[in-house]
Amino acid sequence: MANKFHAIEFRDVSLAFGDRVVLDRVSFAVRYGESKIVMGGSGTGKSTILRLTLGLIKPDSGAILIDGEDITFYTEEQMMKVRHKIGMVFQEGALFDSLSVYDNVAYRLREQKAPESEIEPVVMRMLRFVDLEDAVDKMPNELSGGMRRRVGIARALVGSPKIILYDEPTAGLDPITARTICELALKLRDLEEVSSIFVTHRLQDIEVLASEYVVRDDFGNLIFEHEGDKLCLINTKFIMLKDGNVIFSGSDEEMRGSGNPYIRKFLDNER
Amino acid sequence: MNLIIRGIIQVQEITLLIWRVLRGIFRPPLYLREIIRQMDVLGFGSLTIILLTGFFTGAVLALNTGNTLQKFGVQSVSGQLVATSLIRELGPVLTCLMLAGRVGSGIAAELGSMLVSEQIDAMRALGSDPIKKLVTPRIVALVTMAPALTVICDMVGTLGGLLAAISFQGQASSVYMSSAKVAVTYNEILGGLIKPTVFGFVIAIIGCYKGLSTTGGTVGVGRSTTQSVVVSSILIIAVDFVLSKLILSLLLGP
């Protein structure tokens with residue numbers, strides 16, 4: 001079965017809210033260790049794909065598979081188990097306002113009734129990963145936009161999920177902070193072998209995600225390298241949505257070479 | 001027609017929400033800590049306004065009825081009048097209207113803004129059920145705290161009536177108190193506790209429903225908040241009529 005190689009698979013998924021068709025027979029698959037970058041204008045159903053993957057909403061028809069498991073008709077209780085495998089980074093972070101950074105990151109483990117002695121090292125490790133150890137006692141409203149997203153990433157990483165969904169994690173951020181977020185995504189892709197769907201419409205993100213990779217040298221330092229002319233990253237693929245349909249699927253080189261007028265307009269306008 | 005269909009859909013959704021709350025109420029996790037926190041925030045936090053409401057309602061009741069009672073020469077029953085009015089009607093209704101304004105709106109606003117900022121989705125994504133984590137604790141808190149606050153409202157109301165009767169009508173406190181005691185029977189109290197229990201449930205479920213069905217961003221949160229106060233206030237008054245009839249025929253005799 002082909003789906004053994006797929007962390008996430010959509011088969012002919014359709015969804016409409018009332019008269020508005022959001023997704024129309026959308027099919028794609030994310031292989032293990034692959035990052036699938038989903039692009040498209042506003043309201044083209046990018047975020048809807050993530051919400052469907054998490055089972056927060058159900059499709060009208062078609063099937064969704066996570067890890068080869070058909071989750072289309074799963075109940076909320078069954079979904080809870082599937083969601084342990086998935087981490088989601090929400091658009092604005094979606095941190096719980098009433099909880100401190102520490103409690104936000106610890107949320108999933110607290111829900112699983114883990115003892116406090118186990119929670120603390122995990123929380124601190126995750127905060128160190130996103131470089132926010134100092135903010136541990138702050139409340140979400142004391143954080144900047146970029147810090148909120150990073151805490152959101154730390155929270156999504158608790159439990160070491162093998163699938164991460166990013167919902168426009170760089171929207172509205174300055175280029176430097178946006179790059180930091182992308183670097184985190186690279187680290188997860190290249191060092192932790194996380195499969196992911198990365199929703200974005202920023203070309204700068206695409207640039208970084210499609211042409212850079214990270215390796216660890218002999219001393220444990222992280223080095224970000226550019227693929228250059230000789231290498232070609234095969235673990236990052238793109239899909240472009242328009243009016244609920246996938247109008248492009250492939251690598252960044254193929255996308256840049258595409259003659260589709262919508263893609264051309266998209267790539268030119270963003271620049 | 002559209003309005004009727006929308007109404008029916010809302011009733012259906014509220015019923016579904018109630019069903020989901022009841023189905024999960026005894027299944028772990030129970031979130032006891034959250035329930036106690038909500039009892040503190042929603043219940044104890046409302047104590048001041050309930051004290052003030054109760055006190056002045058009782059006082060004004062004694063003040064307004066004093067002259068009329070005097071005309072009939074039965075000023076001595078003013079204690080009973082105040083206490084009966086409070087226990088049967090004004091205590092439960094006013095307490096819960098105040099709660100609808102302070103607490104129901106707060107619930108709708110809080111859950112509504114959590115919804116539009118995707119915190120509810122985040123909660124589900126992180127493996128907890130928002131119904132159990134957010135809705136159930138608020139319902140339990142209000143169903144238990146509304147009767148407790150009503151009792152307090154009844155007490156300070158009677159006290160307010162006493163002060164008004166003593167200071168403005170020259171009544172002896174012993175006359176007022178012994179007359180008030182007549183009103184305090186077990187059935188009266190039971191009837192007076194059934195009402196706020198039901199009202200508390202109404203406030204919580206409407207607040208949660210309106211909050212969780214928010215659409216349209218921050219403007220939607222404002223709309224949900226207003227609607228939750230309006231709907232729960234009207235429901236309280238309407239349900240009060242039905243309950244009064246039931247309590248009168250079942251508990252208090254013809």
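Residue numbers start from 1 in every chain, and the chains themselves are labelled A, B, ... in the order their sequence lines are given, proteins ahead of strands.
With a 4.5 angstrom heavy-atom cutoff, A:Phe96 touches chain B via backbone and side-chain atoms both. Both the backbone and the side chain of A:Gln91 come within less than 4.5 Å of a heavy atom in chain B. Contacts of A:Leu165 with chain B are absent, with no heavy-atom separation under 4.5 Å from either backbone or side chain. Contacts between A:Lys113 and chain B at a heavy-atom distance below 4.5 Å involve the side chain alone, from C-beta outward. The contact between A:Arg51 and chain B is made entirely by side chain atoms (from C-beta outward), counting heavy-atom distances below 4.5 Å.
When A:Leu54, A:Ile86, A:Asp97 are compared by the number of non-hydrogen pairs under 4.5 Å with chain B, A:Asp97 comes out ahead.
The number of heavy atoms from other shown groups lying within 6.0 Å of CZ (A:Phe17) is above 12. Other residues, nucleotides and ligands contribute over 12 non-hydrogen atoms within 6.0 Å of the NZ atom of A:Lys58. Within a 6.0 Å sphere centred on CD of A:Glu69, other residues, nucleotides and ligands contribute more than 12 heavy atoms. Counting heavy-atom neighbours within 6.0 Å of B:Arg20 CZ, excluding the residue itself, gives a total of 12 or less.
Residues of residues 32-44 of chain B never come closer than 4.5 Å to chain A when only heavy atoms are counted. Of all residues in residues 124-148 of chain B, those placing a non-hydrogen atom less than 4.5 angstrom from a non-hydrogen atom of chain A are B:Arg124, B:Ala125, B:Leu126, B:Gly127, B:Ser128, B:Asp129, B:Lys133. Contacts of residues 109-120 of chain B with chain A at a heavy-atom distance below 4.5 Å involve B:Met114, B:Ser117, B:Glu118, B:Gln119, listed in sequence order.
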Distance-only criterion, 3.5 Å: show the donor-acceptor pairs between side-chain atoms of residues 114-122 of chain A and protein atoms not counting sequence neighbours.
{"unit_1": "A:Glu116", "atom_1": "OE1", "unit_2": "A:Arg110", "atom_2": "NE", "d": "3.3"}
{"unit_1": "A:Glu116", "atom_1": "OE2", "unit_2": "A:Tyr102", "atom_2": "OH", "d": "3.3"}
{"unit_1": "A:Glu116", "atom_1": "OE2", "unit_2": "A:Arg110", "atom_2": "NH2", "d": "3.0"}

